[in-house]
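If you read the sequence from its start, that first residue is 1, and numbering goes on from there.
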Amino acid sequence: MSTLIIYYSYSGNTKRVAESLAAQLGGELAPLRDAKRPGILKAYSVGCFNAMQGKAWAARPLEEDLASYDRLILLSAVWAGNVPPAVNTLWAQLPAGTALEVKLVSAGGESKCRERLEAMLKANGCTLQSLEDIRAK
(Lines give C-alpha, C1' and ligand atoms only; values in the text may rest on other atoms or scores of the structure.)
Protein backbone atom coordinates (compact mmCIF):
# COMPACT_ATOMS: atom_id res chain seq x y z
CA MET A 1 0.00 0.00 0.00
CA SER A 2 1.50 3.35 -1.03
CA THR A 3 1.04 6.19 1.43
CA LEU A 4 1.54 9.91 0.85
CA ILE A 5 1.77 12.18 3.85
CA ILE A 6 0.96 15.74 2.88
CA TYR A 7 1.89 18.27 5.54
CA TYR A 8 1.79 21.99 6.20
CA SER A 9 4.13 23.35 8.83
CA TYR A 10 4.88 27.00 9.50
CA SER A 11 7.18 26.63 12.51
CA GLY A 12 8.54 23.11 11.90
CA ASN A 13 6.55 21.25 14.59
CA THR A 14 4.17 19.58 12.15
CA LYS A 15 7.07 18.74 9.83
CA ARG A 16 8.77 16.78 12.64
CA VAL A 17 5.54 14.85 13.35
CA ALA A 18 5.12 14.14 9.61
CA GLU A 19 8.69 12.86 9.32
CA SER A 20 8.14 10.55 12.29
CA LEU A 21 4.89 9.23 10.83
CA ALA A 22 6.51 8.67 7.43
CA ALA A 23 9.27 6.66 9.09
CA GLN A 24 6.70 4.53 10.96
CA LEU A 25 4.50 3.89 7.92
CA GLY A 26 7.10 3.84 5.19
CA GLY A 27 5.23 6.70 3.52
CA GLU A 28 6.43 9.48 1.26
CA LEU A 29 6.35 13.13 2.32
CA ALA A 30 4.85 15.99 0.35
CA PRO A 31 5.21 19.45 1.90
CA LEU A 32 2.44 21.94 1.19
CA ARG A 33 4.08 25.35 0.92
CA ASP A 34 2.81 28.89 0.77
CA ALA A 35 3.31 30.55 -2.60
CA LYS A 36 4.98 33.36 -0.66
CA ARG A 37 5.83 32.56 2.94
CA PRO A 38 4.16 35.17 5.16
CA GLY A 39 6.03 36.83 7.99
CA ILE A 40 5.14 35.75 11.49
CA LEU A 41 2.94 38.79 12.13
CA LYS A 42 0.86 38.20 8.98
CA ALA A 43 0.70 34.45 9.56
CA TYR A 44 -0.62 34.71 13.07
CA SER A 45 -2.91 37.70 12.58
CA VAL A 46 -4.36 37.73 9.05
CA GLY A 47 -3.64 34.00 8.70
CA CYS A 48 -5.54 33.10 11.87
CA PHE A 49 -8.46 35.33 10.88
CA ASN A 50 -8.58 33.65 7.43
CA ALA A 51 -8.29 30.21 9.04
CA MET A 52 -11.32 30.92 11.26
CA GLN A 53 -13.31 31.82 8.13
CA GLY A 54 -12.14 28.80 6.13
CA LYS A 55 -10.46 31.01 3.54
CA ALA A 56 -7.50 30.00 1.40
CA TRP A 57 -4.43 31.89 0.30
CA ALA A 58 -1.98 31.03 -2.43
CA ALA A 59 0.03 27.85 -2.00
CA ARG A 60 2.28 26.00 -4.40
CA PRO A 61 0.50 23.07 -6.02
CA LEU A 62 1.72 19.64 -5.02
CA GLU A 63 3.90 17.94 -7.62
CA GLU A 64 2.86 14.40 -6.68
CA ASP A 65 0.17 12.52 -8.60
CA LEU A 66 -2.28 12.09 -5.72
CA ALA A 67 -4.37 9.52 -7.60
CA SER A 68 -1.41 7.13 -7.65
CA TYR A 69 -1.42 6.62 -3.87
CA ASP A 70 -3.59 4.16 -1.96
CA ARG A 71 -3.62 6.22 1.20
CA LEU A 72 -3.49 10.00 1.67
CA ILE A 73 -2.80 11.50 5.07
CA LEU A 74 -2.81 15.24 5.77
CA LEU A 75 -0.92 16.64 8.74
CA SER A 76 -1.62 20.26 9.42
CA ALA A 77 -0.79 22.84 11.99
CA VAL A 78 -3.78 24.41 13.74
CA TRP A 79 -4.33 28.16 13.64
CA ALA A 80 -7.14 29.52 15.82
CA GLY A 81 -8.67 26.04 16.02
CA ASN A 82 -8.71 25.56 12.23
CA VAL A 83 -6.43 24.56 9.38
CA PRO A 84 -4.23 27.38 8.01
CA PRO A 85 -5.25 29.15 4.78
CA ALA A 86 -2.61 27.34 2.71
CA VAL A 87 -4.21 24.00 3.60
CA ASN A 88 -7.56 25.19 2.28
CA THR A 89 -6.01 25.25 -1.22
CA LEU A 90 -5.49 21.48 -1.04
CA TRP A 91 -9.14 20.47 -1.35
CA ALA A 92 -9.34 21.35 -5.05
CA GLN A 93 -6.22 19.25 -5.78
CA LEU A 94 -7.67 16.04 -4.36
CA PRO A 95 -9.00 13.52 -6.89
CA ALA A 96 -12.77 12.97 -6.62
CA GLY A 97 -13.55 10.04 -4.37
CA THR A 98 -10.50 10.56 -2.15
CA ALA A 99 -10.82 9.38 1.44
CA LEU A 100 -8.47 11.61 3.41
CA GLU A 101 -7.08 10.95 6.86
CA VAL A 102 -6.39 14.20 8.72
CA LYS A 103 -4.12 14.69 11.71
CA LEU A 104 -4.09 18.15 13.24
CA VAL A 105 -0.99 19.08 15.20
CA SER A 106 -1.12 21.78 17.88
CA ALA A 107 0.16 22.69 21.32
CA GLY A 108 -3.43 22.78 22.58
CA GLY A 109 -4.28 19.40 21.14
CA GLU A 110 -7.86 20.21 20.17
CA SER A 111 -9.26 21.59 16.92
CA LYS A 112 -12.66 23.08 16.19
CA CYS A 113 -12.96 22.35 12.50
CA ARG A 114 -14.29 18.83 11.91
CA GLU A 115 -17.58 19.98 10.37
CA ARG A 116 -15.82 22.55 8.17
CA LEU A 117 -13.30 19.96 6.94
CA GLU A 118 -16.05 17.46 6.16
CA ALA A 119 -18.03 20.11 4.25
CA MET A 120 -15.01 21.29 2.23
CA LEU A 121 -14.04 17.74 1.30
CA LYS A 122 -17.62 16.79 0.44
CA ALA A 123 -17.92 19.85 -1.82
CA ASN A 124 -14.97 18.47 -3.79
CA GLY A 125 -16.31 14.90 -3.98
CA CYS A 126 -14.08 13.57 -1.18
CA THR A 127 -14.60 12.24 2.33
CA LEU A 128 -12.97 12.71 5.70
CA GLN A 129 -11.96 9.19 6.63
CA SER A 130 -10.62 10.10 10.07
CA LEU A 131 -9.63 13.11 12.14
CA GLU A 132 -7.08 13.00 14.94
CA ASP A 133 -5.82 15.82 17.12
CA ILE A 134 -2.16 15.47 18.05
CA ARG A 135 -0.60 17.48 20.85
CA ALA A 136 2.98 18.44 20.04
CA LYS A 137 5.39 21.16 21.08
Side-chain angles (χ1 to χ4, degrees):
M1 175 187 258
S2 59
T3 300
L4 182 66
I5 300 166
I6 303 163
Y7 70 91
Y8 177 80
S9 184
Y10 185 83
S11 66
N13 291 332
T14 303
K15 178 182 180 183
R16 285 188 288 280
V17 175
E19 289 170 342
S20 175
L21 183 63
Q24 289 173 357
L25 299 177
E28 296 178 40
L29 289 170
L32 182 61
R33 295 189 170 101
D34 298 297
K36 181 179 178 193
R37 183 175 166 85
I40 195 163
L41 183 59
K42 181 178 180 183
Y44 292 122
S45 60
V46 175
C48 285
F49 183 73
N50 286 341
M52 289 187 298
Q53 295 184 327
K55 291 185 178 179
W57 65 26
R60 297 179 191 167
L62 293 172
E63 296 176 5
E64 293 76 10
D65 176 13
L66 302 181
S68 68
Y69 292 89
D70 300 313
R71 183 179 186 193
L72 294 178
I73 302 172
L74 168 67
L75 270 75
S76 174
V78 176
W79 291 6
N82 296 278
V83 296
V87 174
N88 288 323
T89 65
L90 176 64
W91 317 136
Q93 295 180 57
L94 296 173
T98 298
L100 184 67
E101 298 174 42
V102 177
K103 299 178 186 302
L104 301 174
V105 180
S106 70
E110 188 173 343
S111 61
K112 305 172 188 169
C113 58
R114 181 180 189 93
E115 290 178 9
R116 177 176 287 148
L117 287 174
E118 286 178 323
M120 288 179 163
L121 287 167
K122 185 177 181 180
N124 286 288
C126 302
T127 58
L128 179 63
Q129 186 172 16
S130 66
L131 176 66
E132 177 184 357
D133 288 306
I134 298 173
R135 181 173 288 195
K137 292 183 180 183

Which residue pairs pass the salt bridge (charged side-chain N to carboxylate O under 4.0 Å, His left out) test with at least one member in [range], sequence neighbours excluded?
{"range": "residues 115-130", "value": "R114-E118"}
{"range": "residues 43-64", "value": "none"}
{"range": "residues 65-79", "value": "R71-E101"}

Find the distance between [atom1] ([X]) and [atom2] ([Y]) and round it off to the nearest 0.5 Å.
{"X": "I73", "Y": "L29", "atom1": "CD1", "atom2": "CG", "value": "10.5 Å"}
{"X": "S2", "Y": "L25", "atom1": "OG", "atom2": "CG", "value": "12.0 Å"}
{"X": "I5", "Y": "L21", "atom1": "CD1", "atom2": "CG", "value": "4.0 Å"}

* Test item: Y7 and S76 side chains (from C-beta on) under 4.5 Å apart, heavy atoms ->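 Answer no - side chains too far apart.
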* Taking the side chain as every heavy atom from C-beta outward, state whether L104 and C113 have any atom pair closer than 4.5 Å. =>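 L104 reaches C113 side chain to side chain.
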Which residues satisfy the side chain to side chain donor-acceptor pair (under 3.5 Å) test with [X], sequence neighbours excluded?
{"X": "D34", "value": "Y8, W57"}
{"X": "E132", "value": "K103"}
{"X": "R33", "value": "none"}
{"X": "Y69", "value": "E28"}

* Asked: If Ile, Leu, Val, Met, Phe, Trp and Tyr residues are connected whenever their side-chain heavy atoms lie under 4.5 Å apart, and connections chain through other members, are Y44 and M52 in the same group?
  ->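 No: no chain of side-chain contacts under 4.5 Å links Y44 to M52.
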* Asked: Are I40 and V78 linked, directly or through other ILVMFWY residues, by side chains that come within less than 4.5 angstrom of each other?
  ->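 Yes; tracing contacts between hydrophobic side chains, which count when under 4.5 Å, links both residues.
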* Sequence neighbours excluded - ring-ring contact (aromatic ring centres under 6.0 Å, His included) pairs with any residue from residues 112-137 ->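 Qualifying pairs, neighbours excluded: none.
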* Asked: What closest approach, in Å, do A86 and A59 show between heavy atoms, and which atom pair accounts for it?
  ->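 Nearest pair, atom of A86 first, then A59: O-CB, 3.9 Å.
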* Asked: For residues 15-24, which residue pairs qualify under side-chain hydrogen bond (donor to acceptor under 3.5 Å, both in side chains), counting only residues two or more places apart or in two chains?
  ->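 Pairs touching residues 15-24 that pass the test: N13-R16.
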Which pairs would a plain distance check flag for residues 90-100, meaning a side-chain donor or acceptor within less than 3.5 Å of a matching protein atom at least two apart in sequence or in another chain?
residue	atom	partner	partner atom	Å
W91	NE1	N88	OD1	3.2
Q93	OE1	L62	N	2.9
T98	OG1	P95	O	2.5

* Hydrophobic clusters join Ile, Leu, Val, Met, Phe, Trp and Tyr when side-chain heavy atoms are under 4.5 Å apart, directly or via other members; which others share one with L41? ->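 L41 clusters with nothing; isolated.
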* After noting the C-alpha distance and the side-chain angles of I6 and L66, does the key distance pass the side chain to side chain contact (heavy atoms under 4.5 Å, CB included) rule? -> CA-CA 10 Å; I6 303 163; L66 302 181; 4.1 Å; yes
* Under the side-chain contact (heavy atoms from CB on, under 4.5 Å) test, which residues partner A77, sequence neighbours left out? ->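 Residues passing side-chain contact (heavy atoms from CB on, under 4.5 Å) with A77: T14, W79, P84.
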